[in-house]
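In this chain, residues are counted from 1 in sequence order. Worth saying up front: this structure is predicted, and the values here are computed from it rather than measured.
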Amino acid sequence: MTTKSPKELAFLHDLYVATDWGERFAALVDDHVRLPNEGRALYVAAGTGGHALALQARAGGKLELLCVDENIECLELAQTKAVVLHQETGFQREDPKALSFNDNEFDLVLGDASFTPRADLKPALAEMVRVAKPAVSVAWWLPTASSFGEFFSIYWEALLRAGLEGLGGEVEQLIAELPTISDVENWAHQVGLESVTSATTPEEFAYDSGEQFLASPLITDFLIPKWLQPLPESETDRVVSELARIVDEERHTADFSLTLKATLVLGKKIRN
């Protein structure tokens, strides 16, 4: 598996991830989050900006939208889109766990946590709540427990076939890292939200062969690198080959499906 540059990954994210993976979560946001008529809104981890710019177009010029992301290459693509669309949406680089804004600054805060490591989820949510004004909405979205179960099953088998059964505990850890809906709702209460609700939709990504599965940029460049991280580098290619073989064996004549439990959590910042 080849390593791509940050600029290449930004283009792949824009072409293949934002338009499929991202749209599954964007639909939840569009269905459940009400945009304010005016004021300032913050979009954390806005990526290459497609969804944020669509929200800006829907909200109109009275809502000032600021988009932040850690990835400067993604922000450059987003800024280019805004220029083409003649939108005045703002973009700047920020660490989601340490936002540079003052307390109580925004009239709506949105956050994409779909690729955020579990250890960073609650700190990032706390920052989103901190910068929101009292009584305004804060919404964030992420995969929750039972996502990717089909992959973890074949990953376990691939490790066995490769003689790496001692790493089976790493698969268990990956499964355990996915928070439950109860987890994320509790975190929302703990960092200062009330009237917390959530919405979850099961989504599927279908692949007609092991080759297609592993050729997908979403899988190869954005999901699998984390999942394969515990492997010795010398064993990675062998395990990947086993994964492709198992996908083809198990799917028979049907597609191999990867399930995502896409979850949106929405609440209002406590007034006090």
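Other residues, nucleotides and ligands contribute more than 12 heavy atoms inside 6.0 Å of the CZ atom of Phe152. Other residues, nucleotides and ligands contribute only 12 or fewer heavy atoms inside 6.0 Å of the CD atom of Glu88. By the 6.0 Å contact criterion, CG on Asp31 is enclosed, its count of non-hydrogen atoms from other residues, nucleotides or ligands being greater than 12.
The shortest distance between side-chain heavy atoms of Gln212 and Ser209 falls below 4.5 Å. A heavy-atom distance below 4.5 Å is found between the side chains of Gln56 and Leu65. Side-chain contact between Leu167 and Leu231 is present, with heavy atoms from C-beta onward closer than 4.5 Å. Within the 4.5 Å cutoff, the side chain of Phe11 has heavy atoms near those of the Leu77 side chain. Inter-residue side-chain proximity for Asp112 and Val44 is flagged as unmet; no heavy-atom pair is nearer than 4.5 Å. Residues Pro36 and Leu63 have side chains in contact (heavy-atom distance under 4.5 Å, counting atoms from C-beta outward). When side chains are defined from C-beta on, Trp21 counts as touching Phe115, because their heavy atoms get closer than 4.5 Å. Looking only at side-chain heavy atoms (C-beta outward), Leu142 and Leu121 come within less than 4.5 Å of each other.
Side chain of Thr263 to main chain of Thr200: no donor-acceptor pair is present (N/O by atom type, distance under 3.5 Å, no hydrogens or angles). In this structure, Thr19 contributes its side chain and Leu15 its backbone to a donor-acceptor pair below 3.5 Å. Under a 3.5 Å cut-off, the side chain of Ser147 and the backbone N or O of Pro143 do not form any donor-acceptor pair.
For Ser100, the side-chain hydrogen bond (donor to acceptor under 3.5 Å, both in side chains) partners are Glu94, not counting sequence neighbours. Residues forming a salt bridge (Lys or Arg N to Asp or Glu O under 4.0 Å) with Asp208 (at least two apart in sequence, or on another chain): none. The side-chain contact (heavy atoms from CB on, under 4.5 Å) test applied to Ser216 returns Tyr207, Leu218, Ile219, not counting sequence neighbours. Scored by the salt bridge (Lys or Arg N to Asp or Glu O under 4.0 Å) test, Arg161 finds Glu157, Glu242, Glu249 as partners (sequence neighbours excluded). For Tyr16, the side-chain contact (heavy atoms from CB on, under 4.5 Å) partners are Leu12, Pro217, not counting sequence neighbours.
Applying the salt bridge (charged side-chain N to carboxylate O under 4.0 Å, His left out) test to residues at least two apart or on different chains, the pairs with a partner in residues 128-139 are Asp103-Arg130, Asp107-Lys133, Glu127-Arg130. Applying the salt bridge (charged side-chain N to carboxylate O under 4.0 Å, His left out) test to every pair with at least one member in residues 39-58, sequence neighbours left out, gives these pairs: Asp30-Arg58, Arg40-Glu64, Arg40-Glu105. Sorted by first and then second residue, the side chain to side chain donor-acceptor pair (under 3.5 Å) pairs involving residues 65-80 (not counting sequence neighbours) form an empty list. Within the structure, salt bridge (charged side-chain N to carboxylate O under 4.0 Å, His left out) contacts touching residues 263-272 (residues at least two apart or in different chains) do not occur. Among pairs with a residue in residues 8-22, those fulfilling salt bridge (charged side-chain N to carboxylate O under 4.0 Å, His left out) read Asp14-Lys81, Asp20-Arg24, at least two apart in sequence or across chains. Listed by first and then second residue, the ring pair (Phe, Tyr, Trp, His ring centres under 6.0 Å) pairs involving residues 42-93 are Tyr43-His51, Tyr43-Trp141 (not counting sequence neighbours).
Of the residues Asn186, Ile270, Val138, Leu125, the one that meets the side-chain contact (heavy atoms from CB on, under 4.5 Å) test with Val191 is Leu125. Residue Trp227 is tested with Phe148, Phe222, Trp156, Tyr155 for a ring pair (Phe, Tyr, Trp, His ring centres under 6.0 Å); the sole match is Phe148. With Leu108 as the partner, the side-chain contact (heavy atoms from CB on, under 4.5 Å) test is satisfied by one option alone out of Leu55, Leu42, Val136, Val33: Val33.
Under the 30°/60° scheme for interplanar angles, the aromatic rings of Phe101 and Phe106 are found to stand perpendicular.
Of the charged side-chain nitrogens involved, at least one lies within less than 4.0 Å of a carboxylate oxygen, so that Arg118 and Asp183 count as a salt-bridged pair.
In this structure, the separation between OG1 on Thr197 and CG on Leu266 is 4.5 Å, given to the nearest 0.5 Å.
In summary, the side chains of Ser257 and Glu150 do not present any donor paired with an acceptor at a separation below 3.5 Å, with no hydrogens or angles considered.
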Acceptor/donor pairs from residues 170-179 side chains to any protein atom, 3.5 angstrom cut, sequence neighbours excluded:
residue : atom : partner : partner atom : Å
Glu177  : OE1  : Lys226  : NZ           : 3.3

